[in-house]
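Notes for the one structure printed next.
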Amino acid sequence: MTNTALRILFAGTPEFSARHLQALLASEHEIVAVYTQPDRPAGRGKKLQASPVKQLAETAGIPVEQPASLRDEEVQQTLANYAADVMVVVAYGLILPQAVLDTPALGCLNVHASLLPRWRGAAPIQRAIEAGDPQTGVTIMQMDAGLDTGAMLATAERAIAAETTSADMLEELAESGPAALLAVLADLPQYQSKAITQDDELATYAEKIQKIEGLLDWSLSAEELRRKVCAFNPFPVCYSLLAGERVKIWNARALDDTNAQAAPGTIVSADREGIAVSCGTGALLITQLQLPGGKSLPTEAMLNSRRDQFAIGQCFDNPD
């Protein structure tokens, strides 16, 4: 361990990024400036809202830069003027051109929420859960001009259990990511000397999540649908139509079989354990759901007031 304090530029935007910035602020390293996305309209009033990273940086008295792009020469010169040893990037949302990658003395590091090269791209946590991967994690990577293609410096693994949602895993990685990052920064030249080149043939692109992906196709197996429910919690949240009403499904389990031969989408049981819906194979046991204008509720609470709506024999719509 060199334990050398570094001058760090930090680039990130969402709460996941802010958790890493908080760890750096509590360390021996100096955060010379923070880069984050421009303020965006949010909420019903569409008022401009600062990112979690900006809010934390301003509270800590750290200079904040919010360029719309890093390709402008003046923006690049401003970045160079901070004379950073290294730039740490965590879910920033902007592409770093080669001129920026080459600016810090020790280059740019990325904390990526996947065990590279398995999932590169925008939604690695969701795609890992949707695919049924047994584990995921974070990779500390030396950035290059490609999309999540840089050499790997360190990883931290986390198991994906049957009930693990994307929200759960994001929280887990927000804990393990900062620890892995600080370990690398404590002896960065040593980690860089042992960097491992990624095998491109093992890489899969994690496509950005689209809202329509939340619509459940009951002809799929119960296990496939369970994985989707977990993967798309908290966004976009899986849903299906029942008697013309959109029902959001927040949590569910896969059952091996149903007690009746029923068409996919048919409710085959409804009790305190959950609402079982027949699938192409097996049944999906819905344990937490939400109706329009209402709160997300455990199934038992929902059945107390809406039992007739979820009676045995009722059928959820299947996509055309």
Side-chain angles (χ1 to χ4, degrees), residues 15 43-44 123 125-134 159-172 209-320:
E15 179 60 32
R44 292 184 177 180
I125 294 175
Q126 295 96 323
R127 297 307 182 191
I129 293 174
E130 183 186 19
D133 290 3
I160 301 177
E163 68 277 6
T164 302
T165 66
S166 288
D168 297 331
M169 185 52 65
L170 187 66
E171 178 61 29
E172 289 191 35
I209 305 297
Q210 304 296 327
K211 287 185 178 181
I212 190 61
E213 293 186 70
L215 177 60
L216 295 182
D217 180 354
W218 298 101
S219 69
L220 298 176
S221 72
E223 175 57 21
E224 289 176 287
L225 294 178
R226 179 201 66 77
R227 296 200 304 256
K228 286 181 179 292
V229 169
C230 289
F232 301 151
N233 175 349
F235 177 86
V237 184
C238 284
Y239 68 94
S240 188
L241 296 179
L242 182 66
E245 195 168 39
R246 178 179 291 212
V247 179
K248 290 185 176 181
I249 299 168
W250 285 87
N251 283 295
R253 302 200 308 270
L255 303 178
D256 290 336
D257 52 50
T258 63
N259 294 323
Q261 296 296 321
T266 304
I267 296 175
V268 294
S269 69
D271 54 36
R272 63 186 303 172
E273 296 299 319
I275 298 168
V277 183
S278 181
C279 305
T281 303
L284 188 72
L285 187 70
I286 301 170
T287 57
Q288 184 178 2
L289 67 166
Q290 181 179 7
L291 294 176
K295 297 180 179 179
S296 174
L297 295 172
T299 297
E300 183 177 9
M302 183 67 73
L303 291 177
N304 285 339
S305 59
R306 305 292 287 269
R307 183 172 294 276
D308 289 346
Q309 184 171 351
F310 298 99
I312 294 173
Q314 295 286 353
C315 193
F316 285 94
D317 291 351
N318 274 294
D320 294 333

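Side chains are part of it too, since the values below use all heavy atoms of this structure and drop only hydrogens, waters and symmetry mates. What you see is a predicted model; the values in this text were computed from it and never measured.
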* Asked: Taking everything shown except Arg253 itself, do over 12 heavy atoms lie less than 6.0 Å from its CZ?
  -> no

* Are the side chain of Ser166 and the backbone of Ala231 linked by a donor-acceptor contact shorter than 3.5 Å? -> yes

* Any donor-acceptor N/O pair, Glu224 side chain to Ser221 backbone, under 3.5 Å -> yes

Does the side chain of [X] reach to within under 4.5 Å of the side chain of [Y], using non-hydrogen atoms?
{"X": "Ser240", "Y": "Val247", "answer": "no"}
{"X": "Lys248", "Y": "Ser296", "answer": "no"}
{"X": "Leu289", "Y": "Phe310", "answer": "yes"}
{"X": "Leu303", "Y": "Ile275", "answer": "yes"}
{"X": "Asp217", "Y": "Asn318", "answer": "yes"}
{"X": "Tyr239", "Y": "Leu215", "answer": "yes"}

Determine the minimum heavy-atom distance between [X] and [Y], stating which atoms define it.
{"X": "Thr266", "Y": "Cys315", "result": "OG1-SG, 3.7 Å"}
{"X": "Ala222", "Y": "Gly282", "result": "CB-C, 4.0 Å"}
{"X": "Gln288", "Y": "Thr299", "result": "N-OG1, 3.7 Å"}
{"X": "Glu273", "Y": "Thr287", "result": "O-CG2, 3.8 Å"}
{"X": "Ile209", "Y": "Pro236", "result": "CG2-CD, 3.4 Å"}
{"X": "Ile160", "Y": "Asp133", "result": "CD1-O, 3.4 Å"}

* Looking at Arg226 and Glu223, does any basic side-chain N land under 4.0 Å from a carboxylate oxygen? -> yes

* Residues that Glu130 engages under side chain to side chain donor-acceptor pair (under 3.5 Å), provided they are two or more places apart -> Arg127, Lys228

Gap between atom [atom2] of [Y] and atom [atom1] of [X] - 0.5 Å precision:
{"X": "Arg307", "Y": "Ile312", "atom1": "CZ", "atom2": "CD1", "answer": "9.5 Å"}
{"X": "Ile267", "Y": "Ser278", "atom1": "CD1", "atom2": "OG", "answer": "11.0 Å"}
{"X": "Asn233", "Y": "Gln126", "atom1": "CG", "atom2": "CD", "answer": "10.5 Å"}
{"X": "Asp168", "Y": "Ile129", "atom1": "CG", "atom2": "CD1", "answer": "7.5 Å"}
{"X": "Phe235", "Y": "Glu213", "atom1": "CZ", "atom2": "CD", "answer": "9.5 Å"}
{"X": "Ile249", "Y": "Leu225", "atom1": "CD1", "atom2": "CG", "answer": "8.5 Å"}

* List the steps and the verdict of side-chain contact (heavy atoms from CB on, under 4.5 Å) for Thr165 and Trp250. => CA-CA 9 Å; Thr165 66; Trp250 285 87; over 6 Å; no

* Would you sort out whether Val277 and Phe316 count as a side-chain contact (heavy atoms from CB on, under 4.5 Å), showing the intermediate values? => CA-CA 8 Å; Val277 183; Phe316 285 94; 3.7 Å; yes

